[in-house]
Each structure stands twice: as C-alpha cells, then as structure tokens.
Amino acid sequence: MYRFLLTPRWWGINIFVVLAIPFCVFMGSWQLGRFEDRVEDHRAAPGQSAAARSSEARPLAELLPVTKDTSGKRVEATGRYAEQFLVPERKLDGERGFYVLNLLRAGDGPALPVVRGWLPGDPGRTEVPAAPDGEVTVTGALQSSESPGSDGARTAGGLPAGQLGMISAATLVNLVPYDLHNAWVTLDRADGGMTPVPAAAPQNTGLDLKAFQNLGYTGEWFVFAGFVVFMWFRLLRRETEALRDAALGIPEDSGTAAVAPSAAPVASTTSSAPAASTASGAAGPGGPRHPEPAARAVDQDAGSAPV
C-alpha cells in the first residue's frame with residue numbers, strides 16, 4: 001500500500017520535509033534565544049547602569065568602537081569645543097525640550113560629539129549657555145550613534161540651520177569639514193545650569209519593539225514546522241485514498257459516471273413517446289394505413305365542391 005513512498009516524486013517530498021522541519025525548529029529556537037537575551041539584558045540594565053556610573057573614567061580610545069559592553073561606560077576626553085548644534089523634540093522626565101550638542105576637537109583627530117545638557121522649551125526661544133572656552137576635559141557616558149529607530153530620533157528633514165534630528169556621524173559628516181567618531185558622550189554634570197542627559201540603554205537590548213518581534217518570529221517558525229507536517233500527512237492520505245479507489249475499480253471520475261446512466265432512460269422515454277403515438281395513429285385494426293398523396297386529397301376536395 002505504501003510502496004509509492006519510494007517513488008522519485010515522494011523521495012523529493014520526503015527529503016524536503018526532513019530538511020524543512022529541523023530548519024524551522026532551529027530558526028524558531030534561535031529567535032527565542034534572541035528574545036531571552038533581551039529579557040536578561042533588560043533585567044541586568046539597572047545594575048549595569050549603576051556600575052557604569054560608579055566606575056572610573058577611561059580614555060576614549062580604549063572603549064572604541066562602541067559595543068553592547070562598552071555602551072554606557074564612563075569615558076574621559078580632552079579638547080576644545082567647536083561647532084554647536086541643537087537637537088529638538090527630546091523629552092526628559094516627560095517634559096519637552098532639546099539637547100545642546102558641541103563637537104569636541106583634539107588636534108587633527110576626529111571630533112567627538114558631546115551632549116552638554118538638556119534645556120526645556122524650543123530651540124530659538126530658549127537662551128543657550130555658551131560653551132566653555134579653551135581646552136577642557138569632559139567626563140561622561142559613552143553612547144553609540146543613533147539610528148532611525150532610536151527613541152526621539154527624527155529622520156525627516158526641514159530643520160533650521162544649526163539643528164539636528166539624530167545624533168550620528170552620518171548626520172554630522174555633511175555639516176562639518178572634518179572626521180568624527182562614530183559615537184557621542186553625554187556629560188555626567190551639565191554645564192551652564194543645564195540638566196544632564198542620562199545614558200540610554202544600548203541598542204538592540206531591552207524589551208523594546210524588536211524584542212517582541214523576535215518572540216513573534218519564534219511562533220511563526222514553529223507554525224511553519226507544523227504546517228509542513230500537516231501537508232505531508234494530507235498528501236499521504238490523498239495518495240492512499242487514490243490507490244484504494246483504484247484497487248476497488250472506482251475510477252477517479254466516478255461521480256460523473258454515476259449521473260450519466262440515470263439521465264439516459266429519461267431521454268429515451270421522452271423521445272419514444274412521439275414515435276409511439278405516431279405509430280398508433282398510423283396503424284388501425286386493419287393494419288397500417290398508408291397516407292394518400294397530398295395531390296389526390298386536393299382533387300377530391302375540389303371535385304366535391306358545389307358548382
């Protein structure tokens with residue numbers, strides 16, 4: 001009965017199923033692991049932030065490039081403040097305001113974006129404290145460049161000159177004629193009476209939208225695995241039923257064949273009724289009568305007509 005499983009067609013189906021199910025299970029497990037990692041990062045974030053704030057500041061070069069492990073670490077950099085930019089539509093403790101960002105240059109090396117602090121209100125309507133003159137040494141939390149998915153980042157254009165929608169080297173590279181570090185620093189203590197900006201959690205960590213996307217992808221991959229198993233059993237059942245019907249002599253179009261014989265007698269009975277009536281009308285007690293020619297019948301009628 002199941003010898004058809006050894007045919008080339010079913011060999012291809014079986015190989016596909018054998019490979020697809022482990023692949024779906026592996027991908028679902030991997031997505032579930034990503035979600036669990038984000039949950040662990042979210043749980044450990046408060047402790048890591050507290051440890052980072054109390055740790056000793058290290059030179060910037062030792063913590064670059066920014067990774068999940070180095071993000072939020074305290075760094076120390078020395079240089080002179082250069083261009084200043086304002087980053088609008090940033091909230092702090094539920095209040096709307098903006099960041100004050102200056103580029104810190106150390107000789108001819110890449111400049112480091114430094115967020116000196118936060119001010120309430122809108123840029124242009126609030127007085128911004130001037131940056132300190134001369135060489136300064138700043139200490140703050142190292143942050144990775146923002147992306148379009150970062151909290152508060154603005155990708156749409158139309159901002160006035162001197163304003164930024166997103167803190168990143170890709171955004172600043174077109175505004176200044178020198179190189180920049182692919183990172184930025186938020187000061188521990190803001191100058192000029194501004195409020196310090198707290199360090200943000202590293203990207204792709206914590207229970208954000210991407211974390212729940214990983215959980216959704218986990219369910220999808222396991223559903224795919226179940227669907228492959230379901231389709232294999234469905235194809236097996238159809239093939240088995242077709243072979244059973246063939247063994248019993250039931251053709252595949254048995255439904256159409258069963259209707260055709262029942263319609264045939266009705267058609268024959270209907271067609272034979274006029275024939276029977278014609279025959280009975282033509283044959284009498286003395287046998288069949290032959291109809292007279294039409295011309296003779298007309299002559300008789302004409303002769304019998306009164307003159």
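All heavy atoms count here, side chains included; hydrogens, waters and symmetry mates do not. This chain uses plain numbering: 1 for the first residue, then up along the sequence.
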Euclidean distance, Leu164 CG relative to Leu175 CG, rounded to 0.5 Å:
6.0 Å
Side-chain ion pair, Glu241 and Arg237, N-O less than 4.0 Å:
yes
For the residue pair Ser71 and Ser144, confirm or rule out a side-chain donor-acceptor distance under 3.5 Å.
no
Is Arg105 close enough and on-axis enough to Tyr81, meaning under 6.0 Å and within 45°, for cation-pi?
no
Within the distance-only criterion (no hydrogens, no angle test), does the side chain of Trp118 pair as donor or acceptor with the backbone N or O of Arg90 below 3.5 angstrom?
yes
Any non-hydrogen side-chain atom of Leu187 less than 4.5 Å from a side-chain atom of Val115?
no
Classify the ring geometry of Trp221 against Phe224: parallel below 30°, tilted from 30° to 60°, perpendicular beyond 60°.
perpendicular
Rounded to the nearest 0.5 angstrom, the CD-CG distance for Glu220 and Leu215 is 10.5 Å
Residue pair Gly140 / Asp188: nearest heavy atoms and the distance that separates them:
CA-OD1, 3.4 Å
OH/Tyr217: more than 12 non-hydrogen atoms of other groups inside 6.0 Å
no
Quick test of your reading of the model: are Arg154 and Glu89 salt-bridged, counting only N-O distances below 4.0 Å?
yes
Let me check something: do Leu92 and Ile167 share a hydrophobic cluster, defined by ILVMFWY side-chain heavy atoms less than 4.5 Å apart, either directly or through other members?
yes
Hey, what do you get for CD1 (Ile13) to CH2 (Trp10), rounding to the nearest 0.5 Å?
4.5 Å
Classify the ring geometry of Trp184 against Tyr99: parallel below 30°, tilted from 30° to 60°, perpendicular beyond 60°.
tilted
Between Glu62 and Lys73, does any NZ, NE, NH1 or NH2 come within less than 4.0 Å of an OD or OE carboxylate oxygen?
no
Can you see whether Asn182 engages Ser145 through a side-chain donor-acceptor pair at a distance of less than 3.5 angstrom?
yes
Is Arg80 salt-bridged to Asp133, cutoff N-O under 4.0 Å?
no
To the nearest 0.5 Å, what is the distance between CG (Leu64) and OG1 (Thr70)?
7.5 Å
For Phe85, run the side-chain contact (heavy atoms from CB on, under 4.5 Å) check against Asn102, Leu103, Val100 and tell me which one passes.
Leu103
More than 12 heavy atoms from other groups under 6.0 Å of OH on Tyr178:
yes
